[in-house]
Amino acid sequence: DSGVTQTPKHLITATGQRVTLRCSPRSGDLSVYWYQQSLDQGLQFLIQYYNGEERAKGNILERFSAQQFPDLHSELNLSSLELGDSALYFCASSVGRQAVNTGELFFGEGSRLTVL
Amino acid sequence: GENVEQHPSTLSVQEGDSAVIKCTYSDSASNYFPWYKQELGKRPQLIIDIRSNVGEKKDQRIAVTLNKTAKHFSLHITETQPEDSAVYFCAASKILGTGNQFYFGTGTSLTVIP
């Protein structure tokens with residue numbers, strides 16, 4: 001168990017719909033990352049937050065948005081869904097508030113989104 | 001920005017043989033190089049990492065080497081076993097005070113044939 005919690009684990013929805021994926025980082029971790037992994041593909045970096053602020057942006061579509069809340073949990077919103085958005089979405093966290101910054105990235109179990 | 005290239009994309013070895021996966025990076029400021037193993041349908045998990053002030057690190061059957069001058073690092077798995085079959089991702093990272101940045105390679109699918 002990495003300590004990173006993602007919900008829901010599975011989600012099936014239709015094209016044109018909107019969904020929200022939720023992530024709770026490891027206790028005390030300040031940085032949250034979102035990755036998209038399509039079938040047999042690599043880890044596509046979407047966006048990173050650090051202590052509530054957007055820190056870096058990757059190949060995130062305009063239909064997607066995210067935020068990190070004061071309690072450090074994060075949400076990824078996907079709207080106007082298309083078939084190609086079907087993927088495994090991973091959240092990861094890093095950088096403990098009090099601990100030495102070891103650099104390690106801890107992944108959640110992922111949210112599998114299927115768009116029909 | 002950083003660019004990480006990973007080779008090969010697929011690798012098949014006989015059980016007991018060694019496997020080597022290579023990555024190159026472009027940003028000399030990267031100072032942390034982790035390797036992640038991802039089994040089918042599971043989350044990536046850290047298996048070994050190395051910092052820029054170290055040339056080699058070993059943990060039982062796995063080892064990582066880093067050549068800062070050439071900007072490349074490699075994962076070596078010896079005495080491979082069927083349970084080593086997975087996708088392996090390398091990454092180059094900058095450890096920063098305001099949130100580390102990670103750049104992943106495209107992954108290597110390793111199959112160990114019993």
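Note: hydrogens, waters and symmetry copies are ignored here, and every other heavy atom, side chains too, is used. Every chain is numbered from 1, with letters handed out A, B, ... down the list of sequences. Only a predicted model underlies this, so the values are computations on that prediction, with no experimental measurement involved.
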- Query: Does B/Asp59 CG have over 12 foreign heavy atoms under 6.0 Å away?
  - Reply: yes
- Query: In terms of heavy-atom contacts, does CD of B/Glu15 have more than 12 from other residues, nucleotides or ligands at under 6.0 Å?
  - Reply: yes
- Task: Go through B/Pro44, B/Gly107, B/Ser93, B/Ser109 and name the one with the most non-hydrogen pairs under 4.5 angstrom from chain A.
- Result: B/Pro44
- Should we say atom CG of B/Leu40 is surrounded by more than 12 heavy atoms from elsewhere, each under 6.0 Å from it? no
- Would B/Phe104 and A/Leu105 count as a side-chain contact (heavy atoms from CB on, under 4.5 Å) if you check the C-alpha gap in whole Å, the side-chain angles of each, and the deciding distance to 0.1 Å? CA-CA 12 Å; B/Phe104 282 89; A/Leu105 192 62; 3.9 Å; yes
- Between A/Gln37 and B/Phe89 the two heavy atoms that sit nearest each other are NE2-CZ, 3.7 Å
- Message: Given heavy-atom pairs under 4.5 angstrom as the criterion, report whether the side chain, backbone, both or neither of B/Gln38 touches chain A.
- Response: side chain
- Got more than 12 heavy atoms from elsewhere within 6.0 Å of NZ, B/Lys94? yes
- Approximate separation, where rounding is to 0.5 Å, of A/Ser94 OG and B/Gln101 CD: 11.5 Å
- dist A/Gln6:CD -> B/Arg43:CZ (nearest 0.5 Å) comes out at 10.5 Å
- Message: If you define the side chain from C-beta out and look only at heavy atoms, does anything of A/Phe45 sit under 4.5 Å from B/Tyr103?
- Response: no
- Joint hydrophobic cluster, B/Leu46 plus B/Tyr88, side-chain heavy atoms closer than 4.5 Å: no
- Message: Quick check on A/Glu53 against chain B: is it the side chain, the backbone, both or neither that has a heavy atom closer than 4.5 Å?
- Response: neither
- Item | Cluster check B/Leu75, B/Val13: I/L/V/M/F/W/Y, side chain < 4.5 angstrom | yes
- Linking I/L/V/M/F/W/Y whenever any side-chain heavy atoms sit under 4.5 Å apart, do A/Trp34 and A/Leu88 land together? no
- Query: For B/Glu83, does the CD atom have more than 12 heavy-atom neighbours from other residues, nucleotides or ligands under 6.0 Å away?
  - Reply: yes
- State the OH-CD distance between B/Tyr36 and A/Glu104, to the nearest 0.5 angstrom. 5.5 Å
- Message: Quick check for you: to the nearest 0.5 Å, what is the distance between A/Tyr33 atom OH and B/Phe102 atom CZ?
- Response: 4.5 Å
- Non-hydrogen atoms of chain B under 4.5 Å away: do they reach the side chain of A/Phe107, the backbone, both or neither? both
- With respect to chain B, which residue among A/Val4, A/Val32, A/Leu43 yields the maximal number of heavy-atom pairs within a distance under 4.5 Å? A/Leu43
